[in-house]
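A note on names: the letters A, B, ... follow the listed sequences, proteins ahead of strands, and every chain is numbered from 1. Predicted model only: the values in this text are computed from it and were never measured.
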Number of protein chains: 2
Amino acid sequence: MAGRQQSVAPRKRPQQQRSRAMVERIVAAGREVLLRDGYDAFSTNRVADRAGISPGSLYQYFPNKAAIVAAVIDRYSDEVADRVAGALTDRLGEFGPAMIRDTADALVEALAANVDLLRVVMEDLPATSNRERRTALEQRVRELVMAYLAARPGTTRSTDHATTAWVLVMAIENLAVRYVLDEPAISRERFLDEVVALCAGYLAVA
Amino acid sequence: MAGRQQSVAPRKRPQQQRSRAMVERIVAAGREVLLRDGYDAFSTNRVADRAGISPGSLYQYFPNKAAIVAAVIDRYSDEVADRVAGALTDRLGEFGPAMIRDTADALVEALAANVDLLRVVMEDLPATSNRERRTALEQRVRELVMAYLAARPGTTRSTDHATTAWVLVMAIENLAVRYVLDEPAISRERFLDEVVALCAGYLAVA
DNA sequence: ATTGTATGCGAGCGATCACTCGCGTCAGCA
DNA sequence: TGCTGACGCGAGTGATCGCTCGCATACAAT
């Protein structure tokens, strides 16, 4: 149908100190261009320019334009995941509404920390450049939710934890993203209350 | 940040019969290119080619490339809205789970009717080319949900129907889209059950 | 028939862009 | 100190693309 895939694997590995610094500068410049000029203006020449290097140098480590975008998204994605994971490591044993609330809070916090980049990634980039990474992340989260459901004290509505987890993840993910991006007239506390109500209600229904 | 806007208003209105037919052919060709070649390959020259006309003719009625894409999306969006609206006109007075279920069913049905185009629109196009139309539609649906909530018999968890409607619309919209696009291992009936459970639970929680 | 206008054509302009290549430079090692 | 490969440069290439413009044609009104 569309979108021929091209490899995104690095062309060669930086070996010396300066070349490692160069890769850093390229990714940083890529992020900067994405933020300041948008994806439409994201040309390899412009990225090289912003990084203060030559277009040729850029292609020493990145096989093509898509690879640079991917690298930028990778870093951002890791940032978000780390923030959420970090916020939850202390509370691993928790159960019930408090844990749901804390998780949602951490997610919103992580997304809000870089609204501008989130907006570009979600609304400017074609979702294709993002899809694999996103589904992989969803997959991981879904498994965590399933584990939670399996270990969950009290009755569960259904024994099909896979389906339940899928529904929860899809619903909450979108809610959090849209809450951060669209800034509806709902306070943070209120939003978290609603998320908790949604989850609790869904899990409790006969 | 990004994405300079350009007008999407028609350059001039077709007056004769043949020119109206031409506009049709252009939009149809645009849709076809989007489906068969993807957005990356969506060039005005290619659209003209597929429509069997000259690039010059294309610009008699569309001011730029974005306008053609917008026209294609407009038609598709109307198709979906019409299908959903049509499926629900008979059941306007209904309340409770049955209505929620029917609505979700109609939505999934409408989206599934054109999966390929939905995929291109959601995953290939930058969301920006879609944003206004989508938020407008969400706004309309939200108002319908609010009306439903206001007229709803039985206790409601909260009196802030605006927030409740926002949460419901955002959650269900994404669930339906992802269900159609990602084709998770969940039967249609089961999916509808889950949607009903999610809504019912959310609305019922103390 | 004639005229004015709406319509359609398609070669091609100007600009951009992803990416390359030949060459100079520099770091690290013997 | 001299050598070798890693590194970096930047002008340039080939291709694409959005869009225009001068001109031919089809239609409608008179």
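- The structure places CZ of A:R75 at 12.5 Å from CG of A:D82, a figure rounded to the nearest 0.5 Å.
- A salt bridge is absent between A:R140 and A:E143; no separation between the charged side-chain nitrogens and carboxylate oxygens falls under 4.0 Å.
- Within 4.0 Å of B:R18, counting heavy atoms only, lies at least one base atom of the nucleic acid.
- The pair A:E79-A:R31 counts as a salt bridge, with a side-chain nitrogen and a carboxylate oxygen less than 4.0 angstrom apart.
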Counting only pairs under 3.5 Å, give me each side-chain donor-acceptor contact of residues 166-177 of chain B, with atom names and distances, residues two or more places apart or in other chains.
{"from": "B:E173", "atom 1": "OE2", "to": "B:R134", "atom 2": "NE", "distance (Å)": "3.2"}
{"from": "B:N174", "atom 1": "ND2", "to": "A:M170", "atom 2": "O", "distance (Å)": "3.1"}

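- Counting heavy-atom neighbours within 6.0 Å of B:R188 CZ, excluding the residue itself, gives a total above 12.
- Within the structure, every side-chain polar atom (N or O) of A:T44 is placed at least 4.0 Å from both OP1 and OP2 of C:dC19.
- Distance, B:N45 CG to D:dA15 P: 16 Å, rounded to whole Å.
- Counting only N and O atoms by type, the side chains of B:R142 and B:T164 include no donor and acceptor under 3.5 Å apart.
- A:Q17 places its CD atom 14 Å from the C1' atom of C:dC26, with the value rounded to the nearest Å.
- Rounding to whole angstrom units, NZ of residue A:K65 and P of D:dT16 are separated by 16 Å.
- For DNA chain C, the neighbouring residues in residues 54-64 of chain A, judged by any heavy atom under 4.0 Å, are A:P55, A:G56, A:Y59, A:N64.
- The CD1-P distance, from B:I26 to C:dT7, rounds to 12 Å in whole Å.
- Taking atom CZ of residue A:R20 and atom P of nucleotide C:dA27, one finds them 14 Å apart after rounding to whole Å.
- An OP1 or OP2 oxygen of D:dT16 is reached within less than 4.0 angstrom by no side-chain nitrogen or oxygen of B:S43.
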